[in-house]
Protein chains: 2
Amino acid sequence: MARIVMKFGGTSMAGIERIRIVAERVKHEWEAGNEVAVVVSAMAGETDRLVNFCREASALYDPREYDVVVSSGEQITSGLLAITLQAIGVPARSWLGWQLPIRTSDGHGSARIEAIDTTALNASLADRQVAVIPGFQGMALGERVATLGRGGSDTSAVAMAAAMKADRCDIYTDVDGVYTTDPRIVPRARKLKRVTYEEMLELASVGAKVLQTRSVGLAMKEGVRVQVLSSFVEAGDDPEPGTLIVGEEEIDDMERQLITGVAYDKSEAKVTLAEVPDRPGAVAAIFGPLAEANINVDMIVQNIAHTTGSTDVTFTVPRAELPRALDVLDKARGDIGYSRLIHDPRVAKISVVGVGMRSHAGVAAQMFTTLGARGINILAITTSEIKVSVLIEEDYSELAVRVLHTAYGLDAEDDAA
Amino acid sequence: MARIVMKFGGTSMAGIERIRIVAERVKHEWEAGNEVAVVVSAMAGETDRLVNFCREASALYDPREYDVVVSSGEQITSGLLAITLQAIGVPARSWLGWQLPIRTSDGHGSARIEAIDTTALNASLADRQVAVIPGFQGMALGERVATLGRGGSDTSAVAMAAAMKADRCDIYTDVDGVYTTDPRIVPRARKLKRVTYEEMLELASVGAKVLQTRSVGLAMKEGVRVQVLSSFVEAGDDPEPGTLIVGEEEIDDMERQLITGVAYDKSEAKVTLAEVPDRPGAVAAIFGPLAEANINVDMIVQNIAHTTGSTDVTFTVPRAELPRALDVLDKARGDIGYSRLIHDPRVAKISVVGVGMRSHAGVAAQMFTTLGARGINILAITTSEIKVSVLIEEDYSELAVRVLHTAYGLDAEDDAA
């Protein structure tokens, strides 16, 4: 017997036919004698519908009332899954955020879970009842409804698993696991059996959108064993094993690789300030105003100072924020003192990730060599302990992913071999 | 300054444009210095959508989970109205059923309101904040979400008005008041300025669907002054005065009439059992099994015993229940011992209602004479203290309503006169 949290997303909850498939999957785990809590998203499209109502009502909506409106999507699916489970002979009940309760911070619209009371829930599980819990919601100060921000149901599931001391948190998604890279670009991409929390965090931060970043951080902090697996399973069948996200100590040496995955991200844009005076405080004059405007700056390169005593500063910002960033920099031109403002949205960030690179110095060098051999120009570089990222021209991004995937030995073996 | 409850139905809440009109109406009352609580229905069509999800999930759905699902419709509109009020400068917040709380009985799906805690609400109203309250919902034993049954938002509004000791409960509807009869049948029907609780109850029970019957009974019990008025008002304008529903003592003699209104109801069907043995226990053998099957029997006529020692028994049942009723009676044939089972769904019940008839013996006689003069055959009769109902062939129903409306002096004066 194990204690399991299962989480299903909006595609899995889109209509009663889909919910019936989910119920069969839950029944399968329950019949095996497990204690099961299920965390559900709203039906696909429902949260957008509700968010649009709020925006239409007022551009400056009260986030506390927004939370009352948008939390109803998960309320509906949790009641419907409980009914559907009962219909196939599985005792079940829904537990709304305020009923457990799931206590959150006061940050309506993007609240953080602070504490979950599991007293009533544990009694119900001990009674062989399946608990159905709406994701994305909780109760803030003053008994107000709170939501966790978009994609928050993954976080709800991990937080429930931590509070319940669950043996496993199974997150059912549209993909069947975490891959070495995007299989649409590299057909020989391989599904990973295990990946560490740190690697998953780095992969999520560079565009591999399997799980919400916040949920991975929470899983790491709480030591929750998360499994990503496919929601497309025939009723009654066991699903294919997905990818387990675990602590580094659970990855044994045999399966440890230098590089776990290659990711790409086309959501950034490059900005260059030409001929910035090379004096103390110049960098603060650039990045201070951007920070005040809440614009995240990612990769930063400062070119070697010209003989003229000035320097070029290049960095990236989210592509969606580019117009605002240019506006901020234009207004700060007097303070910064650059000669020209150059921008290019057609760039891509390519990253290689792997805990193995900690003990291996050659990873970055191999990356530059591999890309250089294909004539791919590197515009900027950033590194973390387990990640090396380079900025390149967008047109080369698929080629770069493919050659790096091969260079680090990630390609699956040829079936015909 | 007065304390007012305003209630808006699903048509008024169907989309943000409509909700904005409601918000303007609320603002108008609030700006006049009143303390205002608003009770809202779900968007038109939303409750049906949610009910259908539950039915699709399971014909035998758990009513506690059904309540979780269907109560979300009013949760959405209450949050949206609060946002819309804030957008036009009116401080407002939503109070969900569990937040006040509104405590209900355990009868999920058709719970009764038992107690409303107004402590927090009163503090909020004193603070010049408008309270937006989802109709139709409350919290039952064990902190479970409960709903009051279809049309329950009228009852929520009256119960809120009683708990808050409100001066008035204004119910905004698709019609602009209570009429002497259906204006589609009698163009000269007049809007009533006042009507007593008892009359309203009788009118509701015979087909005048302005308010939910239960809400009128509650208003009578609690002495809540209810006003029915039109939700179709230009923003900023005062609405036309509607119909006030009040205690008998508030109707002065000048405006008191013998008959207040004429109503019709085509929802019943006639059943006749021919040649039932005329012995003790015969009637129990008929109506016992129907009661066990939860089928309401309304008008009952037992014809004079034949010389053979048998009798014909005629009664009405809801038309929708006719097949089940016939089935029950067929199975009980041995016990009852009738010779033939005759049924006819094409009947109508015509009723005249008025507190004035208590002190006036001739009302029923005038009704029979009036109908007889037009050759309309009376199939059955029932009377209460303030109502006389007759069952006639359905084809004659409009004619009967029209001639009775004229006979009791209810026609409006001719504009051209």
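Order of the sequence lines sets the chain letters (A, B, ...), proteins ahead of strands, with each chain counted from 1. This is a predicted model, so every value here is computed, not measured.
Counting heavy atoms of neighbouring residues, nucleotides and ligands inside a 6.0 Å radius, atom CZ of B/Arg324 exceeds 12 of them. Heavy-atom contacts from other residues, nucleotides or ligands closer than 6.0 Å to CZ of A/Arg3 number more than 12. In this structure, B/Arg112 places its CZ atom where only 12 or fewer heavy-atom neighbours from other residues, nucleotides or ligands lie under 6.0 Å away.
Ranked by heavy-atom pairs under 4.5 Å with chain B, the first of A/Thr77, A/Leu50, A/Leu96, A/Ile76 is A/Ile76. In terms of heavy-atom pairs under 4.5 angstrom with chain A, the leader among B/Met43, B/Arg64, B/Glu17 is B/Met43. The residue among B/Gly15, B/Ser58, B/Ala92, B/Ser71 with the most heavy atom pairs within less than 4.5 Å of chain A is B/Ser58. Of the listed residues (B/Ala23, B/Cys54, B/Ala59, B/Ala120), the one with the most heavy-atom contacts under 4.5 Å to chain A is B/Cys54.
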| What do the steps show when you test B/Gln75 against A/Val69 for side-chain contact (heavy atoms from CB on, under 4.5 Å), and what is the final call? | CA-CA 6 Å; B/Gln75 175 170 336; A/Val69 174; over 6 Å; no

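A salt bridge links B/Glu46 with A/Arg49: the distance from a Lys NZ or Arg NE/NH1/NH2 to an Asp or Glu carboxylate oxygen falls below 4.0 Å.
Only the side chain of B/Gln86 comes within contact range of chain A, judged by heavy atoms closer than 4.5 Å. Residue contact with chain A, scored on non-hydrogen atoms closer than 4.5 Å, involves the backbone and the side chain of B/Arg144 alike. Proximity to chain B (any heavy atom under 4.5 Å) is shown, for A/Val145, by both the backbone and the side chain. For B/Ile88, no part lies under 4.5 angstrom from a heavy atom of chain A. A/Leu81 does not touch chain B: none of its heavy atoms, backbone or side chain, sits under 4.5 Å away.
The distance from atom CG of A/Asp62 to atom CG of B/Leu85, rounded to the nearest 0.5 Å, is 11.5 Å.
Nearest heavy-atom pair across B/Val68 and A/Ser94 is CG2-OG, 3.7 Å. Considering all non-hydrogen atoms of both residues, B/Ala57 and A/Thr84 come closest at CB-OG1, 3.6 Å.
At distances below 3.5 Å, not a single donor-acceptor pair connects side-chain atoms of A/Glu65 with backbone N or O atoms of B/Arg93. A/Gln99 contributes a side-chain N or O that, together with a main-chain N or O of B/Glu143, makes up a donor-acceptor pair within less than 3.5 Å.
Remark: of the listed residues A/Ile83, A/Ile19, A/Leu80, A/Leu80 is the sole one forming a side-chain contact (heavy atoms from CB on, under 4.5 Å) with B/Phe53.
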